[in-house]
Amino acid sequence: MYNPLIKYFLPFLKDNTMKKSLLFILIAMLCSLGTQSLLWGQSSCTVPIYVQNGTDKETLWVGVDPSATYGIDAAMGEQELPPTPPTGVFDARLVDVRTPGSMGQGLSKDVRTYGSDCQTDTFKIKFQTSTEGGSNVTLSWDIATLEACGCGRWRLSNSLGLSPLYAVDMLSENSASVSSDDYTNLYILKGDGTEYRTFSYATLALDGYYDAKGKKIYKSVKKTSNQVEFCVSFKNNDTVTVNDLHVDFKVVVDSESLSWDHFTTASPTPKGKNGKWDFTGGSVAPGESVTVCGYGVKAGTKQQEAPSWYWTIDGTIRGKKQKTKADGFSKNIIRLPMPNTINAGEEAMIQGLPQKTDLLIVGTTSRTDTLKYVQHKKYSDVLKSLVKDAGKVGKQKLQDTLATYFNNFDDAKK
């Protein structure tokens with residue numbers, strides 16, 4: 001796990017000459033390096049992360065251990081937490097990043113498998129504030145303890161994307177505060193180096209993505225929107241207190257991402273397919289507003305809208321049905337899917353070799369007696385040097401035999 005083969009130098013690329021040289025290093029290392037592990041430093045460690053809202057405080061633990069798995073390891077002190085309490089009660093827990101259900105309803109301690117000191121691990125913190133504590137949440141940690149657990153940097157972010165909207169260097173700052181009006185989840189990225197990104201040989205060769213039917217596609221992820229992050233408020237302009245809010249969203253909502261206030265329960269209506277929601281278990285006085293946030297999920301999605309919403313009292317509609325267009329949302333940001341390593345390679349080629357005449361050279365062009373180099377015009381050519389039949393499901397063959405120097409080129413085998 002996490003055998004470091006390549007250092008991705010893209011952030012250091014300043015000009016075309018250096019870009020070509022460093023991209024050459026990328027491929028040359030693939031050809032010459034075998035599987036290896038960096039087993040130095042602490043192979044087992046945990047660090048506390050303190051999450052506080054008002055006077056309420058929770059301690060969460062993250063770390064690594066050679067015997068750990070991604071799921072719940074009772075021997076490591078990991079235990080599934082009770083269900084998330086109702087809105088208005090403070091809670092903080094570590095939840096799944098990649099495999100829904102592996103961590104149950106969440107943990108207070110999340111230990112990952114140790115592969116190397118510089119491996120990248122991502123921990124997701126989910127939290128909600130209490131009525132008494134207000135909307136601010138403060139996270140704090142001990143910098144020396146973080147530095148002793150692995151190498152690379154520690155980063156606190158609201159996004160796993162390429163351009164996070166919120167990011168804190170945890171080795172420079174020992175605390176950070178956010179508003180629950182803006183964030184309900186934060187990520188801790190461990191070992192995420194500033195200068196490089198480490199990939200395994202197989203990841204570069206066989207990465208891809210899963211389509212809607214669960215079939216793996218061995219290609220780069222299309223740069224097409226697949227979700228929209230939104231927040232919208234609904235104000236009670238009536239003269240009486242209401243106890244139910246019904247909202248029809250234009251883009252169906254991921255139920256796991258949904259957050260709201262005033263009410264205790266949010267339920268998708270029958271046949272609504274997560275596009276129609278009822279918020280119950282509370283009351284909204286005249287002049288008060290209910291704020292709903294979440295992610296709308298749909299391939300090629302545009303901004304979120306609420307074409308129909310209304311208040312009810314004990315199930316009876318109060319007043320007229322209303323609508324809120326996209327410009328009435330306080331947050332309405334279209335998001336792209338996470339890229340894979342093939343996207344990274346393609347982008348490196350685009351940025352490193354911007355002209356059609358630019359080529360990625362592996363070998364040397366200074367020799368005149370025999371052919372001593374291979375040239376790549378695009379990243380698909382690079383993939384061919386890593387795996388045969390890269391896009392054919394079940395037929396891929398890694399080019400994993402012992403590396404050798406450039407010798408003779410056999411036209412019959414090309």
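Sequence positions, counted from 1, serve as the residue numbers for this chain. Every value quoted in this text rests on a predicted model; they were computed, and no experiment measured them. Computed from heavy atoms alone, side chains included, the values below leave out hydrogens, waters and symmetry copies.
- The number of heavy-atom neighbours closer than 6.0 Å to CD of Glu173, taken from other residues, nucleotides and ligands shown, is 12 or below.
- Side-chain contact check for Thr138 and Gln52: no donor-acceptor pair (N or O, by modelled atom type) lies under 3.5 Å.
- Residues Asn340 and Lys219 form no side-chain contact, since every pair of their non-hydrogen atoms from C-beta on lies 4.5 Å or further apart.
- For the ring pair (Phe, Tyr, Trp, His ring centres under 6.0 Å) condition, no pair includes a residue of residues 320-342, sequence neighbours left out.
- For the atom pair Thr224 OG1 and Leu336 CG, the distance stands at 8.0 Å (nearest 0.5 Å).
- Here the straight-line distance linking atom CG of Leu245 with atom CH2 of Trp309 works out to 7.0 Å at 0.5 Å rounding.
- Proximity of a side-chain donor or acceptor of Asn343 to a complementary backbone N or O of Val221 within less than 3.5 Å is detected.
- Asn332 CG to Asp327 CG: the interatomic distance, rounded to the nearest 0.5 Å, is 9.0 Å.
- For the pair Lys235/Glu288, no side-chain contact is recorded, criterion being any heavy-atom separation below 4.5 Å from C-beta on.
- Using modelled atom types and a 3.5 Å distance limit, the side chains of Trp277 and Ser267 yield no donor-acceptor pair.
- How far NZ of Lys190 is from CG of Asp121: 5.0 Å, rounded to the nearest 0.5 Å.
- At a cut-off of 3.5 Å, with distance as the only test, no side-chain donor of Ser225 or Thr301 sits close to an acceptor on the other residue.
- The number of heavy-atom neighbours closer than 6.0 Å to CD of Glu80, taken from other residues, nucleotides and ligands shown, is above 12.
- When side chains are defined from C-beta on, Ile49 counts as touching Ile188, because their heavy atoms get closer than 4.5 Å.
- Interatomic distance, CG of Asn185 versus OG of Ser180, reported as 12.0 Å (0.5 Å rounding).
- For Thr184, there are no side chain to side chain donor-acceptor pair (under 3.5 Å) partners two or more places apart in sequence or in a different chain.
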Assess whether side chain to side chain contact (heavy atoms under 4.5 Å, CB included) is satisfied between Ile342 and Tyr379, documenting all intermediate values. CA-CA 8 Å; Ile342 300 178; Tyr379 191 67; 4.2 Å; yes
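- Val47 places none of its side-chain heavy atoms less than 4.5 Å from the side chain of Trp141.
- Ring centroid separation for the pair Phe127 and Tyr183 does not come in under the 6.0 Å cut-off.
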Apply salt bridge (charged side-chain N to carboxylate O under 4.0 Å, His left out) to Glu347 and Lys223, showing your working. CA-CA 12 Å; Glu347 189 65 26; Lys223 298 177 182 179; 3.6 Å; yes
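- Side chains of Gln128 and Val137 form no contact here, defined as non-hydrogen atoms less than 4.5 Å apart.
- A donor-acceptor pair shorter than 3.5 Å can be found between the side chains of Ser130 and Asn53.
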Going through the checks in order, is the side chain to side chain contact (heavy atoms under 4.5 Å, CB included) test met by Arg335 and Val228? CA-CA 5 Å; Arg335 301 294 190 187; Val228 54; over 6 Å; no
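- Under the rule for a salt bridge (charged side-chain N to carboxylate O under 4.0 Å, His left out), the partners of Lys331 that lie at least two apart in sequence or sit in another chain are Glu229.
- Remark: of the listed residues Ile125, Asp110, Thr84, Thr84 is the sole one forming a side-chain contact (heavy atoms from CB on, under 4.5 Å) with Arg93.
- Contact annotation: the side chain of Tyr218 never approaches that of Asp207 to less than 4.5 Å [non-hydrogen atoms, C-beta and beyond].
- At a threshold of 4.5 Å between non-hydrogen side-chain atoms, the residues Lys250 and Pro307 count as touching.
- Cation-pi contact between Lys320 and Tyr310: absent, since separation from the ring centre below 6.0 Å together with deviation from the ring axis within 45° is not met.
- Environment of CD in Glu147: crowded, with over 12 heavy atoms of neighbouring residues, nucleotides or ligands closer than 6.0 Å.
- Summarising the geometry, atom OG belonging to Ser108 is positioned 7.5 Å from atom CG belonging to Leu94; distances are rounded to the nearest 0.5 Å.
- Cation-pi geometry between Arg112 and Phe123 is met: under 6.0 angstrom from the ring centre, within 45 degrees of the axis.
- Side-chain contact between Val178 and Asn136: absent, with no pair of heavy atoms (C-beta onward) separated by less than 4.5 Å.
- Only one option out of Thr316, Thr265, Thr280, Thr312 pairs with Asp244 in a side chain to side chain donor-acceptor pair (under 3.5 Å); it is Thr312.
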